[in-house]
Each structure stands twice: as structure tokens, then as C-alpha cells.
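Let me begin by presenting the structure, written as C-alpha cells, before commenting on it.
Letters go in sequence order (proteins before strands), and every chain restarts at 1. Being a predicted model, the structure only gives us computed values, none of them experimental.
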Amino acid sequence: MRLNRFFLPTLREAPTEAEVPSHILLLRAGYIRQLAAGIYSYLPLAQRSLLKIQEIIRQEMNAIGGQEFYLPALHPAELWKDTGRWEVMGDNMFRLKDRWGRDMCLGMTHEEVFAKIAHYEMRSYKELPQYWYQIQAKFRDEPRPRSGLLRVRQFTMKDSYSFDLDRAGLDLSYNDHYNAYCRIFTRCGLEFLVVAAHSGAMGGNQSHEFMVKAEAGEDWVATCAACGYAANTERATSRLAAIEDEDAPQPQPVKVSTPGQKTIDEISRFLKVPGSGQIKTLIYMVESEPVLILMRGDHQLNEAKLESALATTVFRPALPEEIRQAMGADAGSLGPVGVKGFRIIADRALQGRKNMTTGANEDDCHIQGVTPGVHFQAEYFDLRTVQHGEGCPECDGILAVAKAIEVGHIFKLGTKYSEALNARVLDQAGNLHPILMGSYGIGVERILSSAAELYHDEHGMILPVSIAPFEVIVVPVSVRDDDLLRAAEDMYARFQELGVDVLLDDRDERAGVKFNDADLIGVPYRVTLGQKKLKAGLVELTVRRTGERTDIPLADAVARVAGLIAEQRRCLDDRAAALERLEGRA
RNA sequence: CGGGACAUAGCGCAGCCUGGUUAGCGCGCCUGCCUUGGGAGCAGGAGGUCGCAGGUUCAAAUCCUGCUGUCCCGACCA
């Protein structure tokens, strides 16, 4: 491509609406422009990069036997009503009506549509397993789009679905996808980690997320450097230091006056009791019934874990009026002792504790000497969010908690959708079985954004060669010098002959402008042609990642750079292949 | 949905508090000269419904009300 005719609207300054590095860079480098909140146009640079990412995904999906489909983005409501997700998805779903007033929606994901096809067409276990995938736009009316392409309302997802007769088959399908995903992200040049994850609204019972550590991420992952334990904090557990409580001085709790003291910290100071010696009482409305949730004072409730414990998604923190009506006191003076008629669930960290402090259900009063199991009964679950620096649950190591971007997520769905949509096959014995499904997603734009987050400097992006929109840029420092221009044109033509994605900066601009643009858009290699060196038969090669510059003979420049690019690609491919051996499953 | 902020030229901003004739600045853009190894220099020029709609006023970018849009902080997900 000739830059002279290429649409490259680079910005010298960062637009104010952008805060995270990838957003700023993608805007500045002329990759994207915003159309509305969370809706972006992809300009030629972005499109080139995204197509390369999609091609890598295609190759790896095809390699495990995946078959590419292309399903509608526009769905009839009935399909989603059949699985109950018409209601479950709530305001996150874009809804519309057709001219006859029929309810329609834009697809948020495609379990329903694929399962429907399976329902119509799959009859026998002999047809299984199947891996079906597509690369398609998804629509989600996010409450808060943000961070450029990281959280948007329309995005491109590679979604695949596996169909198996039984559990063992699903396990194999899941592993195939697990391995394919490792290869995909590796070939895209990302450093990533795989973590145990919460299944959420998707249903199913096992899932992993593929995470790229980055400040701009919206997820938190807990990892142990010692044993490799890794989990989303929605799932992560940790080893807590044991606490030896003294026996309470009296058999019954004692009420104390705590005027104006509401928070855990205030009580700590006022009563000289650390947060770990207190019971924090939260009231949630669960399917419109108040439920008491008890946490150790210094611990945080994790709503994803609460969802698992309650086995419902219909809950929310109670409003102040609801709290007063249920408990007879305001938040800040609540406790489980003497409460009747409400469900009480408690975090496991309270099990075996004694002589604790909590609210008395009377404003400005607390009680001390409370022992779980003696002064109140509760159902125990793991409900707390792990904290940085706590002990690893699987070894003697220490957990680190870091922010991360979710680039992929794989689920074992089971039969939720196949049962709802009646996708069944006959087994060998002639019995009907609902098909076991798996669901596997990759956020295509998030790969690009993650790369930009991971690899940039003050000059711009430094994209991996496998996903960079161009592999090399040829820069004659002046196009008014015929010799330079001719040499550059010649080099450009020879790169093209070799199938290298080459950009020729034939703009009549000063060298500095060209260098800055090349740096900004993140082209991995730059060949600079200047008068002096050219007379000596030399050109300059600059490696974007390292900034390293070397003079090389004009005569071998093309072969040399093409070789470097191929070597870089091979390096990523080799790493992907090595992963496969490591897992040894696919 | 709760909380906070912003909206003036393509981008970044000033002006608004304390209303007043032609709304400025930097970058970018166009023309010419000059320059050509890290966003140069000189001269000239184009470009604005001051987010929208009402209101107050002799007079509104400026004050008031409503709306819309965008961003940021909390609950959802690729």
C-alpha cells in the first residue's frame, strides 16, 4: 500500500474522551473512530489488523475440526423465550419490533441459534461430535461502554459451540478448544494466562477465562507464582491465617452502647476490636425476600460467589427502608443474633470463631461475645473476595491479585440449551439424549486492544508482527530525490513479490513526520532510505520493538527483512506448537 | 440505574464567574516561498447553528430551566 493514497488520519494530540492507553493509541494512530458510545468504526488500519487476527483464529479453529458458519444477528424473540433468556438478559439485550409488531432482538451470543440448528438436524450419536463456529458481530446494550474497544455495544466475537453425546466427549471438546485458544493467543503475540472462572448467566459448571494482565482490564485475577494457581477473583479462594479467639467472658452476648459508630473501622476504634473480630451483616433482597449475609468484618462479599450460593441471579442489596422494616435498625447496627424468620447465610471464615462483635439490631448498639453456631445458626458458603497477599489455597505460596482483560472464555454448558430447544440424539442403545454443549468465545477487538495495552511506548504502538496491519514500512526520507524514490519503489515492489505486507511512505513529508507516523501505528520493521547511505549502497533497518538500527546493504535488504518477519512468525508458531506438546491433549 | 464532570473550528483548549459591536489561541488543513534523517520556518487563507430547545434581557457562548450527547466512578461480560 502506498501511504500517499492510504487513509491514515493520525492525531497529534489525544482526544479527551480517551483515558486508557489502547484507546488513546487506536484513536491517535487512525485505527478507529467513535460513532456513538460503545460503537466504533474500524478504519483501514484496524480492519487489516482485525482480519489478520480472524485469520489466525480461523486456522486454529479449522485445525481442531471446527466448521465455520455465519448466523443471523437479527433473532426472533421466541427463540430466546424458549431458553428463558429473553427475560434473563434484561436491559442488556437490544430489542426491536418488525413491521408487524413481532418482537425481535439483536444477538448477544448464539447458543440459541446453533442449538436450534442442532435441534432440526442432529439425530444420531454417529453425527457427533461437531464443532461449529462463526466470527460475527454481537450486540449488547452495555450499561457503561468504556475504555475504547474494551467494552463496547457492538463487537466481533468468534463464538464456537461443541456438541457431544456424553460428558467424556464434552471434556475432549473442551480440551480441544482450550488448546486451540492457547495457540491463538500465542500466535497473536499476547502474553496471557488461563484462569478458573465463574460461569455467570451462561449456565454450565466449568469454565476458564483467557486473561491478559493490564491496568485497563476490568477483571481481577489471583495468581500464585509458586504453583501456578490462577483464578478470577469471582472464583478464587485463599488460605487464611488461623485466628485463635479467646472464650467469651459470659455465656450470653453483652450489649454495648456505640453511639454514632456504624462502620467496621469506627467499631474497631471505639470498642478496640479488629475488623477480623467483627461480623459484618449485609441485607440482600433475594427474589424479594430479605436474606442476612454474614462476613468477617475485614472481608468483602463477592456477588458472583453469592450468586452460586443462592443459585439465583435475582438479588440485590436491600434499600435502607427495607433494612429498617426487616431488622428494626439501620445498616451499621445489624447482626444475626435473635433474628427469626429470615434465611441467614455466612462466609466460611466465620465457622469455628467465637467471642465476636456485631450489631444488636438496635440503632447505636452492638453486642459482644457472639459465637457462631451457638448464638445464631447459619448456612455456610464461600462468599468472600480474596485479597492480594493472602495465602495460596493450593500451596504455601502467596497470591497476587492483578487486573486483567478477558480475551476469551470457554464454558461447559451441559444440556441447558439442548433441553430447552429439544436438541437430542439417539445413542447406541436407541435412547434419546439431550446433546451436551460447550460454548467458546473470543473477543476479536479485545485481542487488538490487549496488544496495544501490552506493547506500546511513548511514541505509539508496537504490535506483534502477526497482527500488525503492515509488517514493514519503507521510508524514503525525501520523495523529491529521484534516486531515493526509485530505490524505495523498487524495494516496495520486491516486498510485494515476496508477499510481505509492505507500506511505502511516498508522501511528500519531512522525514520526522514519516518516522513519527510509522512509530505511532506500530509497524514492526522500518527500512529508511537516505541519500548519503544509499550512495554507499546502504539502507537503515529499524526494529520498532527494540529501537535498534542497523545499516544493511540495499541489495539484501528485502530478503533480510522478509527473513526477519518470517522468523518472528515462526517464533510465535513454535511457541504455540510447544504449548500443544505441554498440554498433550488435543 | 445511582454518583461526578464536560459539551466553543478536524484535534487540544481559552473566553462564561462579572452579559455588550467582528468569539480567540496552539496544532492540523489550503496557497506560495523555503526546507527534507525525528511532527521545521516565513507570508497569506479557509474553516464556528458556541450540543439542542425554551426562558430572562435592549442585548446571551456567558444567567435560568428542560432535553440530548459524551466521559469518569460503582452493579454486567468477549
Side-chain angles (χ1 to χ4, degrees), chain A residues 9-20 23 27-28 33-39 57 88-93 108-110 135-160 181 197-202 207 209-212 217-219 232 234 301 303-304 306-307 313 315-317 319 405-411 439-447 449-450 459-460 475-481 484 507-520 526 528-534 539-540 542 547 549:
Chain A
T10 55
L11 301 173
R12 213 154 164 177
E13 288 170 284
T16 34
E17 72 257 22
E19 290 218 332
V20 303
H23 190 195
L27 285 170
R28 279 197 57 211
R33 287 294 183 263
Q34 187 181 66
L35 184 62
I39 305 178
I57 293 173
V88 171
M89 290 307 189
D91 290 337
N92 268 2
M93 180 180 259
M108 306 177 66
T109 171
H110 284 76
I135 298 174
Q136 220 251 21
K138 296 286 183 283
F139 298 88
R140 296 181 187 180
D141 196 359
E142 291 289 340
R144 188 151 98 78
R146 74 191 109 166
S147 305
L149 296 186
L150 286 177
R151 173 161 238 77
V152 290
R153 297 196 290 175
Q154 174 178 346
F155 63 98
T156 311
M157 179 156 90
K158 187 292 297 179
D159 49 322
S160 46
Y181 275 35
H198 175 74
S199 302
M202 299 292 293
S207 84
E209 287 167 328
F210 295 76
M211 296 291 206
V212 173
E218 299 176 344
D219 280 89
N232 192 305
E234 292 178 343
L301 171 68
E303 290 200 352
L306 180 62
E307 182 186 316
T313 56
F315 60 83
R316 59 171 173 80
L319 301 172
I405 298 165
E406 181 188 2
V407 290
H409 199 159
I410 59 178
F411 301 84
S439 165
Y440 317 90
I442 289 178
V444 176
E445 293 90 339
R446 278 190 182 175
I447 293 180
S449 289
S450 296
H459 302 294
V475 182
V477 294
S478 168
V479 294
R480 299 190 184 179
D481 181 316
L484 279 187
R507 296 176 300 174
D508 184 13
E509 289 284 357
R510 300 170 61 82
V513 174
K514 298 184 177 190
F515 296 158
N516 281 319
D517 276 343
D519 287 349
L520 182 58
R526 186 181 89 206
T528 312
L529 294 89
Q531 285 98 335
K532 238 184 243 167
K533 286 176 184 171
L534 190 67
V539 295
E540 182 182 87
T542 308
R549 299 179 188 189

For B:rA59, give the paired nucleotide (Watson-Crick: N1-N3 plus N6-O4 or O6-N4; G-U: N1-O2 and O6-N3; both under 3.5 Å), or none. none

Among B:rU70, B:rG12, B:rU36, the nucleotide that comes nearest once only the side chain of A:P15 is considered: B:rG12

Is the shortest distance from a Lys or Arg side-chain nitrogen in A:E13 or A:R28 to a carboxylate oxygen in the other one below 4.0 Å? no

C1' spacing across the pair B:rA60 / B:rG54, given as an integer number of angstrom: 13 Å

Counting any heavy atom closer than 4.0 Å, what does A:T156 reach on the DNA or RNA strands: base, sugar-phosphate only, or nothing? nothing

Rounding to an integer number of angstrom, what distance separates B:rG10 and B:rG48 when you compare their P atoms? 8 Å

Would you indicate what A:E142 reaches in the nucleic acid, counting non-hydrogen atoms under 4.0 angstrom: base, sugar-phosphate, or nothing? base

Pair partner, B:rG74 [Watson-Crick or wobble, under 3.5 Å]: B:rC1

How far does the P atom of B:rG47 sit from the matching atom of B:rA5, given to the nearest Å? 37 Å

SB check A:R151 A:E142 (cutoff 4.0 Å): yes

Quick one: the side chain of A:E13 and the base of B:rG28, do they pair up donor-acceptor inside 3.5 Å? no

In whole Å, what separates the C1' atom of B:rA78 from that of B:rC27? 37 Å

Check this for me: does the side-chain of A:R146 come within 3.5 Å of the base of B:rU70 through a donor and an acceptor? no

Taking N and O atoms by type only, does the side chain of A:R151 place a donor or acceptor under 3.5 Å from a partner on the base of B:rC76? yes

Any donor and acceptor pair, going by atom type alone, linking the side chain of A:E445 with main-chain N or O of A:T156 inside 3.5 Å? yes

Out of B:rC77, B:rG37, B:rC72, which nucleotide sits closest to the side chain of A:K533? B:rG37

What's A:D219 touching, base or sugar-phosphate or nothing? Going by heavy atoms closer than 4.0 Å. base

Looking at every strand, decide which applies to A:R28 at a 4.0 Å heavy-atom threshold: base, sugar-phosphate, or nothing. base

For nucleotides B:rC76 and B:rU65, find the distance between their C1' atoms and express it as a whole number of Å. 35 Å

Check for me whether A:R526 meets the cation-pi criterion with A:F515, that is, NZ or CZ under 6.0 Å from the six-membered ring centre and within 45 degrees of the ring axis. yes

I'd like to know if A:R549 reaches the base of B:rG38 with its side chain, counting only an N/O donor and acceptor under 3.5 Å. yes

P gap between B:rA7 and B:rC50, integer Å: 15 Å

Looking across every strand, which nucleic acid part, if any, lies under 4.0 Å from A:D91 by heavy atom: base, sugar-phosphate, or nothing? nothing

Which nucleotide wins on minimum distance to the side chain of A:R526, given the candidates B:rG38, B:rC76, B:rG12? B:rG38

Between B:rU21 and B:rC67, how far apart are the P atoms? Round to whole Å, please. 32 Å

Any heavy-atom pair between the side chains of A:L149 and A:F155 that's under 4.5 Å? no

C1' atom, B:rA59 versus B:rG55: distance in rounded Å? 15 Å

Please work out if A:P143 contacts a base, only the sugar-phosphate, or nothing of the nucleic acid, heavy-atom cut-off 4.0 Å. base

Using a 4.0 Å heavy-atom cut-off, does A:D159 contact any base of the nucleic acid, only the sugar-phosphate backbone, or nothing at all? nothing

Under 5.5 Å between ring centres and under 30° between planes: does that hold for A:F155 against the base of B:rA78? yes

No-H, no-angle donor-acceptor pair, A:R144 side chain to B:rC1 base, under 3.5 Å: no

Give A:Q34 one of three labels, base, sugar-phosphate or nothing, depending on what nucleic acid heavy atoms sit under 4.0 Å from its own. sugar-phosphate

Distance-only donor-acceptor test (3.5 Å): side chain A:R316, base B:rG2: no

As a test of reading the structure: which of B:rA75, B:rU35, B:rC77 is closest to the side chain of A:E303, going by heavy atoms? B:rA75

Using the side chain to side chain donor-acceptor pair (under 3.5 Å) rule, pick out the option among A:H198, A:E209, A:E406 that qualifies with A:N232. A:E209

